[in-house]
Number of protein chains: 2
Amino acid sequence: MKTADPELMRAINRLNVLDTIRRHGPISRVEISERTQLSTTTVSAITASLLDDGLILPRHEGDIRNEAARGRPRVMLELNPDAARVVGAKIAANRLVFVVTDFRGDVLSNLTLPIRIDRQPIGVIADLVEDGVRRCVVDAGLSLEDVDTVCLGLPGVIEHRTGHIRSSPIFRDTNVDFASEMTSRLNTPTIVESDAHAITLAHHWFGKARDLEDMVVISLEQTLGLGVLHDNQLFRGAGGLSHNLGDLVLGMGPRGIVRLSSQAGESEILGEQPVGGRFAEAIRLGRGMTHAQALIRAEDSGLINAAIRAGEAVGVAIANIVTLFAPPRVIIVGSSLALGEPFLDSLRNAFALAIPPSLKGVAELVFDDSTDNFWAQGAAAVALYELYESPWNTTGPAL
Amino acid sequence: MKTADPELMRAINRLNVLDTIRRHGPISRVEISERTQLSTTTVSAITASLLDDGLILPRHEGDIRNEAARGRPRVMLELNPDAARVVGAKIAANRLVFVVTDFRGDVLSNLTLPIRIDRQPIGVIADLVEDGVRRCVVDAGLSLEDVDTVCLGLPGVIEHRTGHIRSSPIFRDTNVDFASEMTSRLNTPTIVESDAHAITLAHHWFGKARDLEDMVVISLEQTLGLGVLHDNQLFRGAGGLSHNLGDLVLGMGPRGIVRLSSQAGESEILGEQPVGGRFAEAIRLGRGMTHAQALIRAEDSGLINAAIRAGEAVGVAIANIVTLFAPPRVIIVGSSLALGEPFLDSLRNAFALAIPPSLKGVAELVFDDSTDNFWAQGAAAVALYELYESPWNTTGPAL
DNA sequence: ATGATTTAATCCGCATAAGGGAAAAAATTG
DNA sequence: CAATTTTTTCCCTTATGCGGATTAAATCAT
């Protein structure tokens, strides 16, 4: 356990204040004091230090609180966007998406590379990622030296703490030390995180879970991922492992173990389509879901059935997750949502059927079809989160 | 978030030292200093305060460290057993088990009441529990005034934070505020906890997970429960809810949803036996598993098949839990272990089959057939854990 | 036996933190 | 200019932890 000393104390309160400023936009000192329960004296001291470090900025204009504006107007404080720059990336089998954000998480530039990197050698993937990061940084009018941290979000089982990729559908090898590889290539601290964790933090910071301290995100992409927010923190398994929902076993069929991924994985849903023709080509190019959408609108019965089966499987899996974590909200994201009503309806029905009676009504299902940029922004948020904590170390004695 | 002030700092370090003393038996101040990374000065100050509060005791005898005994001998410190008394209880459908322990968690007296309380009105159950607590306390040569806290461990979905029982197989009603009820009856602070959480803490403190900070306990009794230790802490779902493993869905059979409880619940395994005769009577009296053991030894094919099916279902469920939490050790406890090799073998096989390849070897399965007393001791440990934290408030300025 | 050596525990002073209270400074309205 | 409200600034108290010096308690060597 880490030992508690005055420095830790200060770090905690500092983080607390900084996070309050991040969450509640431009905010005055008095209000910070109310929200954090810290005395105005302390808040004043901490904010002075944050201002001094250039992490926040004062804003004299925005003092328009309820007309009754007597007395000295409050000085609003907000994050200094220029305090840091980070790069967030979503690495998927058939596309690379990058964003550069400022300290607030606002996107400065973004770049999407619709290329299939799936099954390429590691060196090639690393090349492409490196290139994408560099391009996106230039697009933002910056140089790599201006970037503090890079965070790569990708599917699979990721060991965040060590930066190792235990297994991922986009790598042939297992246990790749991708964080070190990219850190040395970019000459910038680079961390690796599960894409599901990235989108989870994205929803906590910018999306549909800003008001919650507990929730769950189910990501339905090529890989089926899970992110759990517990007490405002990402819950990482023992050893910092990310979860892989697709590995969950749904039952023992006549042909042995049936895993969720075999019922609801993107390729499994699409793979049931007759081979050949434009559809196979589309799948190969990673446009499968777009075409699937069209086919479903055209009432293609084969695909609709596959979507219904997948929805059922996912619905049951979500019920199991809710049984274990009892979150007030479950946010479902990912490309498979494009399958539309047949999929969503069967998911909802299966969930309603599978949720234990005693937990009925505990969790609310929310569907979210955010863009790839949002995922990348989540990865950027992961990077920012680490930066937020780093002042813990650098904080010297107050001047 | 709670605000960090010197008091919190002290509380953290105090708890840290106290916990170190609890875990590492009689221990000297220097060693505490090494283990906690606190300076010897600080350790000295904190231990002085703990001694002053009577929570720990010095032991001058036990200074026999490696022969090379030069210099001033170390004074060993240990928990003061008399610092507190707690009662822990395991409440099951067909038996009530109580223990009284001292501050160290050592059992002073225990009492088992083999009575069926299942489906009795709440008032009757409360009566019986109250009676058991009082008896056990008297057996320990104490009076209820000497008892600091009572902790009741029972199956079902328990909301530890509020003391409500959301649902339990031993209550007809749902959402019972049992903690308040018993607190006013006993006139002693009483808390309620899932029995699975109790046995989890028991293993962490006294049992087969003393060396781990992450692990999982699967409890197979009438109800199938789960306890997760994460970072040395009990992981409670959002809102402090306990998990109910039996509600997990294993698949969608032809007859609808198939839950784990319907495959591996105690009554479901035994229930497949032909009705009538001595066996039914045994089940009614809660001796089902004992008889089942005999039948299995006699190679009763019906029961063996039921055991195998149950083992498979549990094995798959455990694999799913490991997929989510990636614990280094899974401890499996509960009366169903009495089913013996047919059950255990099929469990192990199903687990091996269902565990995803990337997690193979991550988790070790350990079977533990500890007595009911151990469960009750775990409940006592839950009570003690709360006491450990309470000095946070009562701790005044160091004198 | 007696002093030297070694290790443990404590004491003292210093650094930091937070908090409260009060007063001063700042900015705005009436 | 007076009134009002926010923010900063002192000053003082309480609390922690740490480092270095000091005391304490035992063994070893002569």
Side-chain angles (χ1 to χ4, degrees), chain A residues 1-17 26-34 36-52 56 58-77 392 395-399, chain B residues 2-17 26-34 36-52 56 58-77 392-393 395-399:
Chain A
M1 201 196 275
K2 88 180 82 168
T3 140
D5 51 18
E7 199 179 321
L8 175 71
M9 202 161 92
R10 180 173 181 73
I12 292 174
N13 287 330
R14 211 180 132 101
L15 181 64
N16 203 334
V17 169
I27 183 177
S28 68
R29 292 179 177 79
V30 257
E31 210 181 328
I32 295 173
S33 167
E34 285 162 10
T36 59
Q37 306 276 27
L38 292 163
S39 73
T40 59
T41 307
T42 305
V43 170
S44 204
I46 292 177
T47 51
S49 147
L50 292 172
L51 280 164
D52 196 61
I56 60 175
R59 251 181 55 181
H60 295 276
E61 335 115 35
D63 176 29
I64 322 111
R65 68 185 189 288
N66 317 358
E67 316 115 47
R70 287 171 70 85
R72 175 172 175 176
R74 306 177 169 186
V75 174
M76 309 305 268
L77 302 171
W392 288 35
T395 211
L399 309 179
Chain B
K2 89 179 81 174
T3 141
D5 49 20
E7 198 178 322
L8 174 71
M9 199 161 96
R10 179 173 181 74
I12 292 173
N13 288 328
R14 213 181 130 101
L15 182 64
N16 204 334
V17 169
I27 184 175
S28 67
R29 291 179 177 79
V30 255
E31 210 181 327
I32 295 173
S33 165
E34 285 162 9
T36 59
Q37 306 277 26
L38 292 163
S39 75
T40 61
T41 309
T42 305
V43 170
S44 206
I46 292 177
T47 52
S49 147
L50 291 173
L51 280 165
D52 197 61
I56 60 175
R59 253 180 54 179
H60 294 276
E61 335 114 35
D63 177 27
I64 322 113
R65 67 180 189 286
N66 318 356
E67 317 114 46
R70 287 168 70 87
R72 175 174 175 176
R74 304 177 170 187
V75 175
M76 309 304 269
L77 301 170
W392 288 35
N393 313 321
T395 210
L399 307 181

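Every chain is numbered from 1 and lettered A, B, ... according to where its sequence line falls, protein lines coming before strand lines.
- When each of D/dC18, D/dT6, C/dA18 is scored by its nearest atom to the side-chain atoms of A/Ile46, the top-ranked nucleotide is C/dA18.
- Atom CE of A/Met76 is separated from atom P of D/dT6 by 12 Å (rounded to the nearest Å).
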Pick out the pairs of N or O atoms, protein on one side and nucleotides 19-23 of chain D on the other, that lie under 3.5 Å.
residue: D/dG19; atom: O6; partner: B/Thr41; partner atom: OG1; Å: 3.4

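- Under 4.0 angstrom from either OP1 or OP2 of C/dT10 there lies at least one side-chain N or O belonging to B/Arg29.
- At whole-Å resolution of the value, CG in B/Leu50 and P in C/dT10 are 12 Å apart.
- One distance of note links CD1 of B/Ile12 with CG of B/Leu38; it measures 11.0 Å at 0.5 Å rounding.
- Going from atom CZ of B/Arg10 over to atom C1' of C/dG19 covers 18 Å, rounded to whole Å.
- Here B/Asn13 does not reach the OP1 or OP2 of D/dT16: none of its side-chain N or O atoms lies under 4.0 Å away.
- Computed from coordinates, the B/Glu31 CD to C/dA9 P distance equals 11 Å when rounded to whole Å.
- Between the C1' atom of D/dT7 and the CD1 atom of A/Ile32 lies a distance of 12 Å, rounded to the nearest Å.
- Between the CZ atom of A/Arg14 and the C1' atom of C/dA18 there is a distance of 16 Å, given to the nearest Å.
- Remark: A/Thr42 is not in phosphate contact with C/dA18, judged by side-chain N or O atoms under 4.0 Å from OP1 or OP2.
- The structure places CZ of B/Arg10 at 13.5 Å from CG of B/Asn16, a figure rounded to the nearest 0.5 Å.
- When all heavy atoms are compared, the tightest approach of A/Arg29 to A/Leu51 is NH2-CD1, 3.6 Å.
- Note that the two end axes of the helix from C/dA1-D/dT30 to C/dG30-D/dC1 enclose an angle of 20°, each drawn from 5 base pairs, rounded to 10 degrees.
- Atom CD of B/Glu34 is separated from atom C1' of C/dA8 by 12 Å (rounded to the nearest Å).
- Rounded to whole Å, the distance from CZ on B/Arg59 to P on C/dA9 is 15 Å.
- In this structure, the side-chain contact (heavy atoms from CB on, under 4.5 Å) partners of B/Ser39, at least two apart in sequence or on a different chain, are B/Thr41, B/Thr42.
- Residues passing the side-chain contact (heavy atoms from CB on, under 4.5 Å) test with B/Thr40 are B/Ser33, sequence neighbours excluded.
- Residue A/Ser44 has its side chain nearest to D/dT8 when only C/dA18, D/dT8, D/dG17 are considered.
- For the side-chain contact (heavy atoms from CB on, under 4.5 Å) test, residues two or more places apart in sequence or in another chain that qualify with B/Ser28 are B/Val30, B/Glu31, B/Arg74, B/Met76.
- Atom CD1 of A/Ile56 is separated from atom CG of A/Leu77 by 4.5 Å, given to the nearest 0.5 angstrom.
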